[in-house]
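Quick notes on the structure that follows.
Note that these values count all heavy atoms, side chains included, but never hydrogens, waters or copies made by symmetry.
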Amino acid sequence: MAAVEEALERTAAALSSSISRVFVDLEKIAGTVTAAAAAAPGIPRRSEFLFLKQELANFIKQHSDLIIGAGIAYAPGSLQEASHWLEWWRTQRTGEPRFVTHDLNPDSLNYYDYTTREWFTIPTASGQPVAVGPYVDFGGINVSIITLCVPAPTAQGMQILGCDLTLANLESVFLRALQLREPVVVLVGPNGRVIASNNARIATGTLFLEEDMARADISVDVSPGNPTRLPWKLVTLRD
């Protein structure tokens with residue numbers, strides 16, 4: 001049992017450390033957004049934030065072992081040119097990250113209303129960084145992801161910086177640190193969905209079943225010092 005608990009603590013530390021590094025760098029970019037908005041005369045134009053393209057490209061490359069994309073969602077009415085605006089870039093096999101086009105026309109069948117998504121609403125309401133998911137980003141990149149979100153407060157509203165992590169990348173960190181085949185260990189998000197596990201029967205992105213929850217034995221917070229920012233748990237299952 002001591003070996004299992006040691007493996008859980010080791011895995012929690014590895015996950016928390018990896019995610020914290022991403023949060024720190026994303027918070028730095030959020031700070032530049034707040035500063036740029038404050039320096040703009042009146043309501044900013046999109047041109048005030050052109051520097052973000054390179055900042056985010058560098059950020060994506062720096063953390064390419066975990067993230068597949070990053071961007072900014074502007075608070076409604078916070079830019080002169082558009083009531084809503086979303087800029088997101090995604091990794092490519094070669095070259096610079098590519099711009100991801102979202103349909104922001106409310107009359108369109110494919111309208112992507114980012115203002116209703118949890119990755120936007122939760123940090124906007126709390127004013128605090130948070131990891132949201134796992135969820136399938138329908139209308140975005142249409143895969144199961146986790147989004148790390150950091151608010152950038154401005155006089156015009158709360159802008160949200162974010163980056164997307166694939167479950168496959170997180171599972172790699174989880175398995176390398178855990179180094180256990182038994183017992184079954186599951187990394188669970190706050191929405192009850194599986195982020196990673198060491199058992200093929202428990203697939204990533206699926207809901208943690210009640211029958212499995214009934215077998216829960218040991219539970220460890222991944223980030224006990226800041227569970228609001230990283231609300232994940234490692235759970236072992238009895239045979």
* State, with a plain yes or no, whether a side-chain heavy atom of V220 is found less than 4.5 Å away from one of E9. => yes
* Asked: Between the side chain of R10 and the main-chain N/O of A177, is any donor-acceptor distance below 3.5 Å?
  -> yes
* Asked: Judged by modelled atom types alone, do N58 and Q54 share a side-chain donor-acceptor pair under 3.5 Å?
  -> yes
* Can you get from L187 to V173 by hopping between Ile, Leu, Val, Met, Phe, Trp and Tyr side chains that sit under 4.5 Å apart? -> yes
* To do: Salt-bridge test for E182 and R238: reply yes if a basic N is under 4.0 Å from a carboxylate O, no otherwise.
  => no
* Qualifying ring pair (Phe, Tyr, Trp, His ring centres under 6.0 Å) pairs, either residue in residues 50-71, two or more places apart -> F59-H63
* Asked: With distance as the sole criterion, is a donor-acceptor pair present between the side chains of T115 and D113 under 3.5 Å?
  -> yes
* Asked: Is the count of non-hydrogen atoms from other residues, nucleotides or ligands lying under 6.0 Å from D239 atom CG greater than 12?
  -> no
* What is the ring orientation for W119 with Y112, classed by angle as parallel under 30°, tilted 30 to 60°, or perpendicular over 60°? -> parallel
* Does some side-chain heavy atom of L104 sit less than 4.5 Å from a side-chain heavy atom of Y114? -> yes
* To do: Report yes or no: does Q80 contribute a side-chain atom to a donor-acceptor pair with the main-chain N or O of I43 at less than 3.5 Å?
  => yes
* Asked: Do M158 and P123 come close enough that some side-chain heavy atom pair is under 4.5 Å?
  -> no
* Structure fact -> Heavy-atom closest pair (I145 atom, T147 atom, distance to 0.1 Å) is CD1-OG1, 3.8 Å
* Side-chain donor-acceptor pair under 3.5 Å between R176 and S172, yes or no? -> no
* Shared ILVMFWY cluster between I19 and V186, side chains joined below 4.5 angstrom? -> no
* First locate atom CG of L178, then atom OG1 of T11, and finally report the distance between them rounded to the nearest 0.5 Å. => 4.0 Å
* Are L237 and V4 in one and the same hydrophobic cluster, where Ile, Leu, Val, Met, Phe, Trp and Tyr link if side-chain heavy atoms are under 4.5 Å apart? -> no
* To do: Using modelled atom types only, decide if a donor and an acceptor are shared between the side chain of S18 and the backbone of L15 within a distance under 3.5 Å.
  => no
* Asked: Could you go step by step and tell me if Q128 and R229 meet the side chain to side chain contact (heavy atoms under 4.5 Å, CB included) rule?
  -> CA-CA 7 Å; Q128 299 296 322; R229 172 183 289 211; over 6 Å; no
* Under 4.5 Å between any side-chain heavy atoms of V222 and L234, yes or no? -> yes
* Asked: Taking all atoms of both residues into account, what is the closest heavy-atom pair of C163 and I67, and its distance?
  -> SG-CG2, 4.0 Å
* Minimum heavy-atom distance between A152 and A30, given as atom pair plus value -> CB-O, 3.5 Å
* Asked: So, S16 side chain and A12 main chain: donor-acceptor pair closer than 3.5 Å or not?
  -> no
* Asked: Is it true that E55 and K28 make a salt bridge, defined as a side-chain N closer than 4.0 Å to a carboxylate O?
  -> no
* Test item: W232 and S223 side chains (from C-beta on) under 4.5 Å apart, heavy atoms -> no
* Can you measure from CG (L161) to CG (L26) and round to the nearest 0.5 angstrom? => 5.0 Å
* Structure fact -> dist L8:CG -> K233:NZ (nearest 0.5 Å) comes out at 12.5 Å
* Is there a side chain to side chain contact (heavy atoms under 4.5 Å, CB included) between L66 and L170 once you walk through the steps? -> CA-CA 7 Å; L66 280 178; L170 282 172; 4.2 Å; yes
* Following the transitive rule for hydrophobic clusters with a side-chain heavy-atom cut-off under 4.5 Å over Ile, Leu, Val, Met, Phe, Trp and Tyr, establish whether I202 and I218 coincide in one cluster. => no
* Answer yes or no: is there a donor N or O on one side and an acceptor on the other, between the side chain of N198 and the main chain of V185, under 3.5 Å? => yes
* Structure fact -> NE2 of H102 to CD of E87, rounded to nearest 0.5 Å, is 11.5 Å
* Between atom CG of L86 and atom CD1 of I72, what is the distance when rounded to the nearest 0.5 Å? -> 9.5 Å
* **Residues that, via side-chain heavy atoms closer than 4.5 angstrom, fall in one hydrophobic cluster with L50** => none
* Evaluate the side-chain proximity of L148 to V130: yes if any heavy-atom separation is below 4.5 Å, no if none is. => no
* **Heavy-atom side-chain contact between T121 and R117 under 4.5 Å** => no
* Asked: Shortest non-hydrogen contact from P134 to I195?
  -> CG-CG1, 3.6 Å
* To do: Mark yes or no for whether S17, through its side chain, and A14, through its backbone, hold a donor-acceptor pair below 3.5 Å.
  => no
* Check whether F174 and V184 end up in the same hydrophobic cluster, where Ile, Leu, Val, Met, Phe, Trp and Tyr are linked by side-chain heavy atoms less than 4.5 Å apart. => no
* Quick one: CG on N169 to CD1 on I68, what's the gap to the nearest 0.5 Å? -> 8.0 Å
* To do: Taking side chain to side chain contact (heavy atoms under 4.5 Å, CB included) as the test, write out the residues that go with L207, two or more places apart.
  => R193
* Asked: What heavy-atom pair brings C149 and V132 nearest, and what distance separates the two atoms?
  -> SG-CG2, 4.0 Å
* Kindly write out the residues that satisfy ring-ring contact (aromatic ring centres under 6.0 Å, His included) with F208, not counting sequence neighbours, or none if the list is empty. => none
* Would I122 and T124 satisfy side chain to side chain contact (heavy atoms under 4.5 Å, CB included), going step by step from the backbone distance to the final call? -> CA-CA 5 Å; I122 293 175; T124 296; over 6 Å; no
* To do: List the steps and the verdict of side chain to side chain contact (heavy atoms under 4.5 Å, CB included) for D164 and I146.
  => CA-CA 6 Å; D164 297 326; I146 287 171; over 6 Å; no
* Could you pull out all residues at least two apart from W89 that satisfy ring-ring contact (aromatic ring centres under 6.0 Å, His included)? => F99
* Is there a donor-acceptor contact under 3.5 Å from the side chain of Q159 to the main chain of A75? -> yes
* Structure fact -> Tightest non-hydrogen contact, residues P129 and V150, listed as CB-CG2, 4.1 Å
* To do: Taking S78 for its side chain and Q156 for its backbone only, find out whether a donor-acceptor pair lies under 3.5 Å.
  => no
* State which residues pass ring-ring contact (aromatic ring centres under 6.0 Å, His included) with F23; sequence neighbours excluded, sorted by chain then number. => none
* Asked: Any side-chain heavy atom of Y135 sitting closer than 4.5 Å to one from E118?
  -> no
